[in-house]
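Input: a single structure, listed below in structure tokens.
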Amino acid sequence: MSSREKEYGFETQALHGGYNPKEDNRGSRAVPIYQTTSYVFDDADHAASLFALEEEGDIYTRIGNPTNEALEKRIAQLEGAEAGLVTSSGMAAINLTALTLAEGGGKIVSSKYVYGGTYHLFSETLPKYGIETTFVDPHDLDNWEEAIDEETKFLYLESPGNPTLDVVDIEAVANLAHKYDLKLVMDNTFNTPYLSKPLEFGADIVVHSTTKYIGGHGSSIGGVIVGPTDFLLKARTEGYRDTGPAMSPFNAWLFIQGLETLALRMEKHSKNALKVAKWLEDHPQVDWVRYPGLKSHPQHQLAKKQQRYFGGMLCFGIKGGFKAGKQLINNVKLCSLLANVGDTRTLIIHPASTTHEQLSKEEQEAAGITDNLIRLSIGIENVEDIIADLEQAFK
Ligand SMILES: *Cc1c(COP(=O)(O)O)cnc(C)c1O
């Protein structure tokens with residue numbers, strides 16, 4: 001990266017970062033798709049030195065690809081990280097990070113307010129491979145500290161957390177991690193680097209599901225890890241190379257298209273969500289609203305400090321519990337009922353009757369899911385249309 005690129009503002013980096021048309025691609029203004037599996041070596045010695053990692057260069061798309069590299073460099077630049085690695089999904093990014101940091105087994109200390117897939121990976125799957133997780137209340141530093149022991153390999157958090165939208169003090173948890181010489185890994189999917197850059201608050205490694213806001217269009221599944229060069233080199237040449245969670249170059253290209261308008265979209269998502277949140281707060285059929293941009297949110301001040309805007313995710317409790325929740329989602333017309341977030345379109349779900357239906361009452365409670373909780377991922381439609389749709393569904 002040239003020193004000038006580093007000084008560019010976010011929107012400029014999102015359009016130009018990590019790619020030079022003249023140097024890289026015969027002047028092609030758009031990043032081209034390198035839809036290839038492999039790359040021709042100059043000769044036998046060249047091939048040998050690439051395999052021995054003595055020289056940098058392309059070998060095979062499972063290990064690296066020029067389109068993927070443009071996306072990796074661009075997201076790393078936007079997060080203020082040294083390097084990046086794109087993966088086939090957000091879960092692949094989280095799993096690879098865990099396997100690389102907790103090599104040989106060990107313990108993760110994680111916030112309990114994390115994405116459902118992450119919760120399951122940490123609580124059910126990784127223990128089968130000798131990696132155990134202690135889940136803690138992310139706002140209680142003593143809780144984090146008590147859970148750390150000799151076996152601990154890294155700390156993990158999400159902010160705003162899923163689905164309760166708890167905003168966690170990144171700096172405080174990072175300081176604690178560093179006190180014990182541990183790394184703090186953070187899932188920044190809900191904020192994206194436009195709203196908040198966890199590395200600036202002391203996090204060491206950031207993961208994303210690019211499936212969500214970075215792509216924005218709900219067309220592809222993908223993930224990314226950004227952080228220190230040595231960590232990512234290890235991840236790429238060991239776990240990534242051996243287990244195969246590479247991103248398809250075509251998907252990398254789609255994510256680049258999305259990333260270029262990320263700033264515009266996040267601003268609009270945030271403005272729309274704030275309007276909907278305020279409208280819901282005044283609605284007679286609504287019990288409570290959770291949105292980091294509302295003064296009533298318990299970590300509103302912290303959200304103001306850590307985030308540029310408050311994002312597109314909100315949740316609320318509908319009066320009438322489980323039945324009313326189901327009825328509401330059965331009656332929306334514009335909002336799409338589905339299990340995704342961060343789409344340009346408004347999405348709605350009632351977790352108690354869908355994503356978290358298999359959990360026991362206790363498990364649901366532990367995850368912050370109440371019977372009346374409705375999660376909304378507010379899109380970039382005209383906000384009056386979103387409100388009108390909810391209004392007719394309430395009726
Ligand atoms: C969706 C999501 C993931 C998982 O990403 P996939 O791309 O679906 O594998 C992880 N964390 C958060 C916060 C998510 O929203």
Side-chain angles (χ1 to χ4, degrees), residues 68 71 75 79 84-99 108 110-126 133 135 138 156-168 170 185-196 198 203 205-226 240 243-248 251-252 254-255 258-259 262 266 269 273 290 292 307 311-315 336 338-345 347-349 351 354-356 367-369 375-379:
N68 294 13
L71 178 61
I75 297 177
E79 286 282 9
L85 177 61
V86 290
T87 55
S88 53
S89 69
M91 286 318 301
I94 296 165
N95 182 49
L96 180 63
T97 301
L99 293 184
I108 304 168
S110 171
S111 162
K112 63 177 177 173
Y113 300 126
V114 293
Y115 177 71
T118 308
Y119 197 91
H120 199 270
L121 173 72
F122 287 179
S123 63
E124 307 294 330
T125 303
L126 289 182
T133 297
F135 292 97
Y156 187 91
L157 72 82
E158 209 175 291
S159 176
N162 198 47
T164 53
L165 304 172
D166 277 66
V167 177
V168 183
I170 307 166
V185 179
M186 165 135 187
D187 183 334
N188 197 30
T189 301
F190 277 12
N191 270 341
T192 81
Y194 185 58
L195 299 193
S196 181
I205 293 164
V206 167
V207 292
H208 282 277
S209 167
T210 55
T211 313
K212 314 296 165 52
Y213 291 111
I214 288 179
H217 300 88
S219 63
S220 340
I221 302 277
V224 67
I225 313 168
V226 300
Y240 191 72
T243 67
M247 179 181 278
S248 134
N251 281 2
L254 288 169
F255 289 126
L259 191 55
L262 182 66
M266 290 316 290
H269 280 294
R290 263 289 181 102
Q307 304 181 202
M313 298 298 304
L314 67 87
C315 60
S336 306
L338 52 78
N340 187 26
V341 297
D343 197 293
T344 42
R345 288 149 287 237
L347 317 175
I348 190 165
I349 203 154
T354 54
T355 49
H356 293 69
I369 311 286
R375 187 182 74 187
L376 275 167
S377 172
I378 300 292

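Counting convention: from 1, in listed order, for ligands and their atoms alike.
The distance from the NE2 atom of His269 to the CG atom of Leu195 is 10.0 Å, given to the nearest 0.5 Å. Rounded to the nearest 0.5 Å, atoms CG (Asp166) and OG (Ser159) are 8.5 Å apart. Rounding to the nearest 0.5 Å places CG of Asp187 at 10.0 Å from OG of Ser110. Rounded to the nearest 0.5 angstrom, Thr164 OG1 and Arg375 CZ are separated by 11.0 Å. Considering NE2 of His120 and OH of Tyr115, their distance stands at 12.0 Å, rounded to 0.5 Å.
By the 3.5 Å distance cut-off applied to N or O atoms, Met91 is counted among the residues near ligand 1. Of the N or O atoms in Val341, none lie within a sub-3.5 Å distance of an N or O in ligand 1. In terms of polar-atom proximity, Thr211 is counted as a contact of ligand 1, with an N or O under 3.5 Å from an N or O of the ligand.
Taking the side chain as every heavy atom from C-beta outward, Pro163 and Arg290 never approach each other to under 4.5 Å. When side chains are defined from C-beta on, Pro160 counts as touching Pro292, because their heavy atoms get closer than 4.5 Å.
Near Ser89, the atoms of ligand 1 lying under 4.0 angstrom from a non-hydrogen atom of the residue are 7 (O), 9 (O). Those atoms of ligand 1 with a heavy atom of Glu158 less than 4.0 angstrom away are 13 (C). With ligand atoms numbered from 1 in the order given, ligand 1 contributes 10 (C), 11 (N), 12 (C), 13 (C) to contacts under 4.0 Å with heavy atoms of Asp187. Residue contact check: Ser209 has heavy atoms under 4.0 Å from atoms 1 (C), 2 (C), 3 (C), 4 (C), 5 (O), 6 (P), 7 (O) of ligand 1. Every atom of ligand 1 with a heavy atom of Gly90 under 4.0 Å away is listed here by number and element: 5 (O), 6 (P), 7 (O), 9 (O).
In this structure, Gly222 has a heavy atom closer than 4.0 Å to ligand 1. The shortest heavy-atom distance from Asn162 to ligand 1 is not under 4.0 Å.
Aromatic ring centroids of Tyr213 and Tyr194 lie 6.0 Å or more apart.
In terms of protein heavy-atom proximity, atom 14 (C) of ligand 1 is nearest to Lys212 NZ, 2.9 Å. Counting protein heavy atoms only, atom 8 (O) of ligand 1 is closest to Tyr115 OH, 3.9 Å.
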